**Student:** 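Pasting in a structure now, in structure tokens, and then I'll have a few things to ask.
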Protein chains: 2
Amino acid sequence: MKTTGEIIRERREKKGLLLRQLAAQLDIDAAILSKIERSDRKDTKEQISKIADILGLNKKKLIIQYLSEKIAYEIADEESAKQVLKVAEKKVDYLKRNQNDTRKH
Amino acid sequence: MKTTGEIIRERREKKGLLLRQLAAQLDIDAAILSKIERSDRKDTKEQISKIADILGLNKKKLIIQYLSEKIAYEIADEESAKQVLKVAEKKVDYLKRNQNDTRKH
DNA sequence: ATTTATCTTGACAAATTATGTCAAAATTAT
DNA sequence: ATAATTTTGACATAATTTGTCAAGATAAAT
């Protein structure tokens, strides 16, 4: 199962881009990009979006990949991780049905 | 669909505890507890755990409730929210299978 | 084998977000 | 109306995230 970082690295290398070249386009230090590709640091959603643009990756897919990874790590060490996701699904449904409620979060 | 805050408030009131009394036991300001119960502020996992103890709520359930709520809000405004959860489930499975790998996150 | 380019790592800095305190305003109960 | 409780918002402090930089490690080229 590939990590977001691995996907990015593979694509970057296929395109023949250097770390520092992609980093420059993203306007971040190459050190950070290196860490992102090695799953040492999380990237921001903005960066993911830019990366998809630059590397010509399917943006929607990459964002799904990125968010699901974030969530998975958030709860992976919970014994009830899967139940958490089940309940979260119900809650998402509920929230989506009541999108224009007045409450703040 | 009840929020974590609502669950806490209902139980607290059933037990006849005042905000400041429960807050004192949690060692936080009553203002924060008020906000937690009104979903204005997230509580920490530690607090959830203490609250379950004090109010005699099922700790496992309350933590599932709390984590799923956190996740739901995290992705509720994503159009692909449900796919994200599906993929997250796979990733959790994967992570749980390889618990003793060497990588850091 | 040595030099050069690329990538990785860790210590630190800046920025952002989370968590908490306090006091005054609003609400509810007496 | 008074007193008790809860709510709100401005602000302070703490924790986490995100970034920079420079030195070390690895790989590629000569």
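Quantities reported herein were computed from a predicted structural model and do not represent experimental measurements. Letters A, B, ... are given to chains in the order of the sequence lines, protein chains preceding strands, and every chain is numbered from 1.
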**Student:** Which one, C/dT6, D/dT6, D/dT7, comes nearest to the side chain of B/Leu18?
**Tutor:** D/dT6
**Student:** Which whole-number value in Å describes the distance from A/Leu22 CG to C/dC7 P?
**Tutor:** 10 Å
**Student:** Pairs in or reaching into residues 46-58 of chain A: which pass side-chain hydrogen bond (donor to acceptor under 3.5 Å, both in side chains), with residues at least two apart or in two chains?
**Tutor:** A/Ser49-A/Lys59, A/Asp53-A/Lys59
**Student:** Tell me whether B/Val84 shares a hydrophobic cluster with A/Leu57, the cluster being built from Ile, Leu, Val, Met, Phe, Trp, Tyr side chains joined at under 4.5 Å.
**Tutor:** yes
**Student:** Run A/Arg9 and A/Arg12 through side-chain contact (heavy atoms from CB on, under 4.5 Å) and show every step you take.
**Tutor:** CA-CA 5 Å; A/Arg9 170 151 294 183; A/Arg12 173 175 66 75; 3.4 Å; yes
**Student:** In whole Å, what is the span from the CZ atom of A/Arg38 to the P atom of C/dG10?
**Tutor:** 10 Å
**Student:** Keeping the roles fixed (side chain from B/Arg41, backbone from B/Lys35), state whether a donor-acceptor pair exists under 3.5 Å.
**Tutor:** no
**Student:** Rounding to a whole Å, what distance do you find between B/Arg9:CZ and D/dT6:C1'?
**Tutor:** 7 Å
**Student:** Tabulate protein N/O versus nucleotide N/O from nucleotides 18-27 of chain D, keeping only pairs under 3.5 Å, one per line.
**Tutor:**
| unit_1 | atom_1 | unit_2 | atom_2 | d |
| --- | --- | --- | --- | --- |
| D/dG19 | OP1 | A/Gln47 | NE2 | 3.4 |
| D/dG19 | OP2 | A/Gln47 | NE2 | 3.0 |
| D/dG19 | N7 | A/Arg41 | NH1 | 2.6 |
| D/dG19 | N7 | A/Arg41 | NH2 | 3.2 |
| D/dG19 | O6 | A/Arg41 | NH2 | 2.8 |
| D/dT20 | OP2 | A/Asp29 | N | 3.1 |

**Student:** Does B/Tyr66 reach the main-chain N or O of B/Asp43 with its side chain, forming a donor-acceptor pair under 3.5 Å?
**Tutor:** yes
**Student:** Would you mind reading off the distance between A/Arg20 atom CZ and C/dA5 atom P, rounded to a whole angstrom?
**Tutor:** 9 Å
**Student:** List the atom pairs, donor and acceptor, that lie under 3.5 Å between side-chain atoms in residues 16-33 of chain A and the rest of the protein, sequence neighbours left out.
**Tutor:**
| unit_1 | atom_1 | unit_2 | atom_2 | d |
| --- | --- | --- | --- | --- |
| A/Gln21 | OE1 | A/Leu18 | N | 2.7 |
| A/Asp29 | OD1 | A/Ala31 | N | 2.9 |

**Student:** State, with a plain yes or no, whether a side-chain heavy atom of A/Ile64 is found less than 4.5 Å away from one of B/Glu78.
**Tutor:** no
**Student:** Check A/Lys96 against B/Ala76 and note the closest heavy-atom contact, atom names and distance.
**Tutor:** NZ-O, 2.8 Å
**Student:** Just how far, in rounded Å, is P of D/dA10 from CG of B/Asp40?
**Tutor:** 13 Å
**Student:** Following the transitive rule for hydrophobic clusters with a side-chain heavy-atom cut-off under 4.5 Å over Ile, Leu, Val, Met, Phe, Trp and Tyr, establish whether B/Val87 and A/Ile7 coincide in one cluster.
**Tutor:** yes
**Student:** Considering the options A/Glu37, A/Glu69, A/Glu10, which one meets the salt bridge (Lys or Arg N to Asp or Glu O under 4.0 Å) requirement together with A/Lys2?
**Tutor:** A/Glu10
**Student:** Between the protein and nucleotides 28-30 of chain C, are there any N/O to N/O pairs under 3.5 Å, and if so, what are the atom names and distances?
**Tutor:**
none

**Student:** Quick check on the helix from C/dA1-D/dT30 to C/dT30-D/dA1: what's the angle between its two end axes, five base pairs per end, to the nearest 10°?
**Tutor:** 30°
**Student:** Figure out the CD/C1' separation between B/Gln21 and D/dA4, and round it to whole Å.
**Tutor:** 12 Å
**Student:** Send over the distance from A/Leu17 CG to C/dA5 P, rounded to a whole Å.
**Tutor:** 19 Å
**Student:** Just to verify, what does A/Lys82 make a side chain to side chain donor-acceptor pair (under 3.5 Å) with, not counting sequence neighbours?
**Tutor:** B/Asp93
**Student:** Taking CG from B/Leu33 and P from D/dT7, how many angstroms apart are they, rounded to a whole number?
**Tutor:** 9 Å
